[in-house]
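By convention in this document, chain letters (A, B, ...) are assigned in the order of the sequence lines, proteins followed by strands, and residues within each chain are numbered from 1.
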Amino acid sequence: MKLIVAVIKPSRLDQVREALTEIGIEGMTASEVKGYGRQKGHKEIYRGSEYTVNFVPKVKIEIAVADELAERAMQAIRDAAGTGQIGDGKIFVLPMEAAVRIRTGESGNNAL
Amino acid sequence: MKLIVAVIKPSRLDQVREALTEIGIEGMTASEVKGYGRQKGHKEIYRGSEYTVNFVPKVKIEIAVADELAERAMQAIRDAAGTGQIGDGKIFVLPMEAAVRIRTGESGNNAL
Amino acid sequence: MKLIVAVIKPSRLDQVREALTEIGIEGMTASEVKGYGRQKGHKEIYRGSEYTVNFVPKVKIEIAVADELAERAMQAIRDAAGTGQIGDGKIFVLPMEAAVRIRTGESGNNAL
Amino acid sequence: MRAILKCGSLMGPAGLVFMAGTPAFAQEGGVLNGANTAWILTSTALVLFMTLPGLALFYGGLVHTRNVLSVLMHCFAVACLASVLWLAFLYSFAFGDGGSANAFFGGFGKIFLAGVAADSLWGDIPETVFFMFQMTFAIITPALIVGAFVERMKFSAVLWFSTLWLIVVYAPAAHWIWGGGMLSDGGLLGMGVRDFAGGIVVHVTAGTSALVAAVMVGKRRGFPGEITPPHSPVLTMMGAAMLWVGWFGFNAGSALTSDGAAGMAMTVTHISAATASLVWMGLEWLRYGKPSLIGIVTGMVAGLATVTPASGFVGPLGGFVCGLAGGAICFFATPWVKHRLGIDDSLDVFAVHGMGGMTGTMMTAIFAVPALGGLGLAEGASIGDHLFVQAAGIVIVALWSVVISFVILKAIDLTIGLRVSPEVETEGLDITTHGERGYSL
Amino acid sequence: MRAILKCGSLMGPAGLVFMAGTPAFAQEGGVLNGANTAWILTSTALVLFMTLPGLALFYGGLVHTRNVLSVLMHCFAVACLASVLWLAFLYSFAFGDGGSANAFFGGFGKIFLAGVAADSLWGDIPETVFFMFQMTFAIITPALIVGAFVERMKFSAVLWFSTLWLIVVYAPAAHWIWGGGMLSDGGLLGMGVRDFAGGIVVHVTAGTSALVAAVMVGKRRGFPGEITPPHSPVLTMMGAAMLWVGWFGFNAGSALTSDGAAGMAMTVTHISAATASLVWMGLEWLRYGKPSLIGIVTGMVAGLATVTPASGFVGPLGGFVCGLAGGAICFFATPWVKHRLGIDDSLDVFAVHGMGGMTGTMMTAIFAVPALGGLGLAEGASIGDHLFVQAAGIVIVALWSVVISFVILKAIDLTIGLRVSPEVETEGLDITTHGERGYSL
Amino acid sequence: MRAILKCGSLMGPAGLVFMAGTPAFAQEGGVLNGANTAWILTSTALVLFMTLPGLALFYGGLVHTRNVLSVLMHCFAVACLASVLWLAFLYSFAFGDGGSANAFFGGFGKIFLAGVAADSLWGDIPETVFFMFQMTFAIITPALIVGAFVERMKFSAVLWFSTLWLIVVYAPAAHWIWGGGMLSDGGLLGMGVRDFAGGIVVHVTAGTSALVAAVMVGKRRGFPGEITPPHSPVLTMMGAAMLWVGWFGFNAGSALTSDGAAGMAMTVTHISAATASLVWMGLEWLRYGKPSLIGIVTGMVAGLATVTPASGFVGPLGGFVCGLAGGAICFFATPWVKHRLGIDDSLDVFAVHGMGGMTGTMMTAIFAVPALGGLGLAEGASIGDHLFVQAAGIVIVALWSVVISFVILKAIDLTIGLRVSPEVETEGLDITTHGERGYSL
Ligand SMILES: Nc1ncnc2c1ncn2[C@@H]1O[C@H](COP(=O)(O)OP(=O)(O)O)[C@@H](O)[C@H]1O
Ligand SMILES: Nc1ncnc2c1ncn2[C@@H]1O[C@H](COP(=O)(O)OP(=O)(O)O)[C@@H](O)[C@H]1O
Ligand SMILES: Nc1ncnc2c1ncn2[C@@H]1O[C@H](COP(=O)(O)OP(=O)(O)O)[C@@H](O)[C@H]1O
């Protein structure tokens, strides 16, 4: 199993969620994060003073998937999250050794 | 070492923390996340219009543990987090290559 | 590639970010988390009643790096995040199998 | 002895003064009444409080976090703009003497408060106080419309629209009904439209214009399926409570006196608000299973909008029935506009203010009857006469509002454009237009 | 010439009118005083503001995020309910003329404001204004009790409890002390209990009933060890500040006049609030090492509750000592109730309002003495006489409140149930009962 | 007949009463005016509302989340402290009769309100009401200074500084200008400094002292590069709106009458606020490309501070020009202080209040001219005479404020220390000093 970690633009969350459900992925966990990267933060000006905001709001999605689904999931995310602009985000894939569904105790791919 | 990632119901956080300390795990990192899964989000109705809330509030706990503790930790989490209802959450186990305690520079299991 | 996960004191975020950019790491993802560890939470007293706050505010930084940068990144984080006090935090290193830049589709080290 | 006297344009917006039988009440030309002045000074503060921060917070809590500041900014900037315009010429257009054109227009005589000194009187209060009190109405009315186009209208377009709308819709409507124009006593409809505190002048103009604006600016992206819930019912409740308190100034202040007329107006206002809140809560509980905070406070606004035109003419029973009717009608109108008509009047300005204002305006005709606890009909008039006049007043003002709003919005659309780009809408107006974020917690 | 005249039930809740030596002050039957009316209209707005949004925010900030809306909802719905009930019959029960049963009960004569017209007077202000002013007291009193059972009581039970409590506890208590009933001048205790603005009628009734409610509804899950800190001291401070400002209407409005009586009441009110705030802050600093915002604002409420009964009878020294005593007594009472008695009176209604109200009621007897800057004792009465009457008043009303609250709560428990299920409590009332969340940031 | 009469110290802070030609206005010694009393009671509530919660929220929203409670706490504790000190002796020092030293100091005669009874009058309102109204000014002035040293000053140092500053800076300044002292009519400068509602007494004292405090306490860590944006523009806007509404009490209340003088003061106040808001918004839009909410509300405060000294002397034109000038001058002064002077006057107290107050004080001399719509110059005086007197007043009070603030801060620095440790500053004052967090959402 893999844990796919995608950092995307907040406004794409719903599209990504839909794209994933379309290919049969029914679970994911999202969180609000702050990203630092090529898409530079911005300056806010209050009363004539500049305030540097280094981090940009992003959403991180974590999706545990069976190995065979990983590729398609990545593709789906790319398609749904891409706007072609700097700051579209990243997808990272981590190996995952085990998964358990707390309610039933099922494990492995069945737990997802 | 393993990194155990558990996504649980927010109201079970304290029980899980206690269950883990009981088996000697003294550290963990929690964060507020939004979960999507079989436990469907809900509809909120404002002024007669339905608003679909797809994501459900969850808490994610990350616990770095020595390999030998992983099983017991998973069991402790299951016991403490389970309510038997849909949405109880998941436990994922990731392999971890290194751990360092920033303050002392200790590494490996000593860092946990 | 590695995914470095560092849990640090919120007030050190900017130093860590700067230390990382100095060694050429131009991207990272931060989030607010709550930590439980040796640095105990605190008691707050309201109207004569004690309220136990078990979790301490922390910041989690995730940095995907090429294997060869991992060591230096860890060192940079340690130097920048350390205050020598309990609660300085941890660094965890996870193996990472793939990385993709959503915008361009670049993958591997090029995606970072 | 109880009598309702219709007063000429000199006597103010409410057009009505309640007379008690004692010399203390006698209104002699040119004598200042300090007590009335104290109450109208206070009422002015209360009505300003309704918009800033009341309405701004009420609206701000209902939108997505990424647009909260833009809503506050709309309300704030519109309030400032309306104030300066009011001084510059709106007051003159609304309450000046338009000479031969007075039926339609108040003229230019009081531009920049020309001829108004600190000791000038309007009735028995200083004209500056009357000027200020009325200004707060001109502030809140365009701010109400903001609810129709939040989260997507260009800021510059909001400013242009509000400016033009105040000039061509609000000032005339206020003049027609309160400023001695064609809808007041002796005008087009004979005995005059009864609108104590703005059922037509404020709520019908704002409500119908809001509907037009919602159509012209278009739906929010993702409406209706993907709209997110109110980001902060806490803010909304806070704003609602301020609206309630401030509305005491709005309605009881419209008596322009500190006496039983104000007291009764305050009473019926409060009763209608409380009743409509409970009605909305109850209907929601029955129909959707959960009584919500957003629901109860929406009911409150409905009750207040409904009782506004009636508040100086009806008794407690009238207030109670305004609450019942206003609460129920607005409750059903709200999803009807959004889902049946498919109009994204985002914060339900028409369904709540427009429908409430119309309902109350009609009920004024009925519950003014002494047998129903009201303070009396116009001399020689029947309920039917009043119903006709009230309905005619609504129709005339609503038509005017709709047509003019359409023209203004069309003109803006063809020049600077009404709407932000999809990217800006997705990103949120706060950061893109105003360069700020609502919360950095 | 300075004289304190006790006035019959006609003269209103404060039971006291301060007389100056000039005709301008003379209270002649049937002549409306516009200035007094202006101040009571304003005071009515101020006291409504205390509950909505003041108290609601004050309480809302103290609970867990998952229950913030339910607290706002309790306050809002109770306010609406109390308003409609006040019109329907509570006002009559409290301030009507009960005929032969008048010692206990105000009768049915003023149901739905029967016989009250816009020009009816109460003393020298319109009766509608007096009605509205008193209504705001009936709104805030049950809302205060909400603090005892937040985060766990069923919403329907809250509504039933508030309704029955207003009828059987509040209206009688108000009648007994302010409405010419058995505890006012000439009644059971001869010279009458002195309760200027509600030390007994509001704070003792609410405080003691809260204690009963806390016991009957039971502790919150996890109390005391696992209760979380106030989720937003910012909201709480905001609400506290609104309470302070609104309390000027509460106490200085209770003079029912716009004169030195109101001025002195406002002065002592303010001094007590400021003093008690500093006392609480100081004690907290000494005892726990940190002066907290929640602490200082709690001290403020304690000071205000304490000075409430005294505010029309004492001078600046009295106000200052009320602040000292109220601040210190409530400071120590708060953990005592929670930890010694083990009662989860969650937001400390008894410790702050109950204890404060009692303290102030007793101090009224002492600091009314002219030598201590007070405005005078009843003719021929000693401090001891007053102390006895005040204590008797407290005991009678407290007992009544406790017994009746117990009965009402028991009845509700046996029928619809008082408490939500553990799951609902864990999940939070906002989403489960009201279908909303406080913040989606 | 329009005349401006300078009244002796008896007649109150504004030093001015506007007289209309009718008996209703005649001020006869010793007769209470209920209407004026009603308005000043209301104004007192409004001005308290400006600080609690107005200013506290306005400031609280501008700092980092980790310090929000400390800001609210500063404002709250300073308000309580000022209230108790005002009763104890500040009122006497400011408005008492200092006998032979009266030019400098009000004496000890009214300590703890000695000799002031409920029926004592100040002009034609109760002295208690005057006392309370003025107290609210003494509350807000030190609270304004808080903005200079937020996020880093020790809480105990804040309390000591505020206490000493009120005694040695505020009370004398108020006495000099409003209490019959050396800067009022007949004093040092002959015809007296004209400061209707506190351009000098409040804004110049606070603004200049803030500058000194900012220098002495030192910059925040990381200033200017690493300072974070305002954590909650929502809170700031809320507070700003409350300041606006409350300012009606501040300026129009300073008339001490409920008449055209109050009405005109309210009018010019409002116009200046609205105009300055738009000016700031416009300049920001032009210069930085985005009109911000923080910007528009800062403009509002600038407009209000500017018009404060002028509000009783000028007409609508004066109000408008105060808005234009105040908005523009403060807009440019703000970055100038921070970046050119390099002073971390964190929330821009000097640039907004200090500069605004000075600008308005000078403009008072010009726009009081009847030809510019003003209410008139002093008898026999030219604009030049007034300009000189106004400037001299500013210089004297500013110098006094600067020197004394320096001495007080130096003394505190050498004893208990002014500033928290770097660790505490990094961690935030909320948790370290007050043991609380602003939000636990
Ligand atoms: N090395 C990295 N490790 C972890 N997260 C990263 C890394 N680089 C970028 N990110 C995340 O991806 C987001 C987008 O990256 P950025 O460089 O701005 O644009 P792009 O994705 O177009 O290359 C960043 O805001 C950050 O959250
Ligand atoms: N494939 C997945 N990857 C990551 N997180 C998941 C996945 N599936 C579920 N989750 C998380 O687990 C939570 C619970 O899952 P859900 O399917 O609702 O119930 P259950 O745990 O009972 O099967 C979800 O809200 C989501 O946060
Ligand atoms: N085993 C663990 N797994 C995950 N996170 C941990 C673990 N132990 C500690 N942490 C995180 O590291 C933070 C610091 O740890 P703590 O034990 O308090 O101090 P130190 O880092 O000095 O040993 C904790 O607040 C928690 O967020």
Side-chain angles (χ1 to χ4, degrees), chain A residues 1-8 10-34 57-67 70 73 76-77 80 92-112, chain B residues 1-10 12-13 15-16 19 29-41 51-62 65 67 70-97:
Chain A
M1 289 167 295
K2 307 287 178 212
L3 186 70
I4 300 181
V5 178
V7 179
I8 61 169
S11 56
R12 310 307 289 180
L13 175 59
D14 274 323
Q15 282 88 331
V16 171
R17 183 182 51 73
E18 278 163 22
L20 289 170
T21 50
E22 257 165 42
I23 61 165
I25 294 178
E26 294 289 353
M28 70 199 70
T29 300
S31 50
E32 287 170 15
V33 297
K34 299 183 289 181
K58 296 280 169 199
V59 163
K60 181 171 82 172
I61 315 182
E62 288 163 294
I63 314 128
V65 291
D67 292 330
I77 295 171
F92 303 130
V93 183
L94 307 181
M96 195 167 91
E97 295 183 351
V100 178
R101 186 192 307 279
I102 291 175
R103 175 166 47 98
T104 58
E106 285 162 283
S107 64
N109 288 345
N110 293 330
L112 304 182
Chain B
M1 288 168 295
K2 308 287 179 212
L3 185 70
I4 301 181
V5 178
V7 179
I8 60 169
K9 293 196 165 160
R12 310 306 290 179
L13 174 59
Q15 283 88 330
V16 170
T29 301
S31 50
E32 287 169 16
V33 297
K34 299 184 289 182
Y36 180 78
R38 300 196 186 176
Q39 177 197 8
K40 287 297 161 221
Y51 295 80
T52 312
V53 178
N54 286 310
F55 287 91
V56 184
K58 296 280 170 196
V59 163
K60 181 172 83 173
I61 316 182
E62 288 163 293
V65 291
D67 293 330
E71 266 313 313
R72 284 173 59 204
M74 288 169 69
Q75 192 56 46
I77 295 172
R78 277 202 55 198
D79 294 347
T83 66
Q85 283 167 333
I86 284 187
D88 273 356
K90 316 278 187 190
I91 306 175
F92 303 131
V93 183
L94 307 181
M96 195 167 93
E97 295 183 351

Below 4.5 Å from any heavy atom of chain A, which atoms of [X] appear? Answer side chain, backbone, both or neither.
| X | answer |
| --- | --- |
| B:K9 | neither |
| B:I86 | both |
| B:F92 | both |
| B:D79 | neither |
| B:Q39 | neither |

(request) Tabulate, in ascending numerical order, the residues of residues 101-108 of chain A having at least one heavy atom closer than 4.5 Å to a heavy atom of chain B, or enter 'none'. (result) A:R101, A:I102, A:R103, A:T104, A:G105
(request) Give, as side chain, backbone, both or neither, the part of A:A30 having an atom under 4.5 angstrom from any heavy atom of chain B. (result) both
(message) Less than 4.5 Å to any heavy atom of chain B: does that hold for the side chain of A:L112, its backbone, both, or neither?
(response) both
(message) Restricting to non-hydrogen atoms, name the atom on B:L94 and the atom on A:M96 that form the minimum distance, rounded to 0.1 Å.
(response) CD2-CG, 3.4 Å
(request) Taking all non-hydrogen atoms of both residues into account, name the closest pair between B:P95 and A:P95 and its distance. (result) CD-O, 3.3 Å
(message) Is it the case that the side chain of B:K90 and the backbone of A:A99 share a donor-acceptor pair, with hydrogens and angles ignored and the cut-off at 3.5 Å?
(response) no
Going by heavy atoms in the side chains, are [X] and [Y] under 4.5 Å from each other?
| X | Y | answer |
| --- | --- | --- |
| A:V100 | B:R78 | yes |
| A:T21 | B:Y36 | yes |
| B:K34 | A:E32 | yes |

(message) Once rounded to the nearest 0.5 Å, what's the spacing between atom CD of A:E18 and atom CG of B:N54?
(response) 8.0 Å
(request) Quick one: pull up OG1 in A:T29 and NZ in B:K60 and give me the separation to the nearest 0.5 Å. (result) 7.5 Å
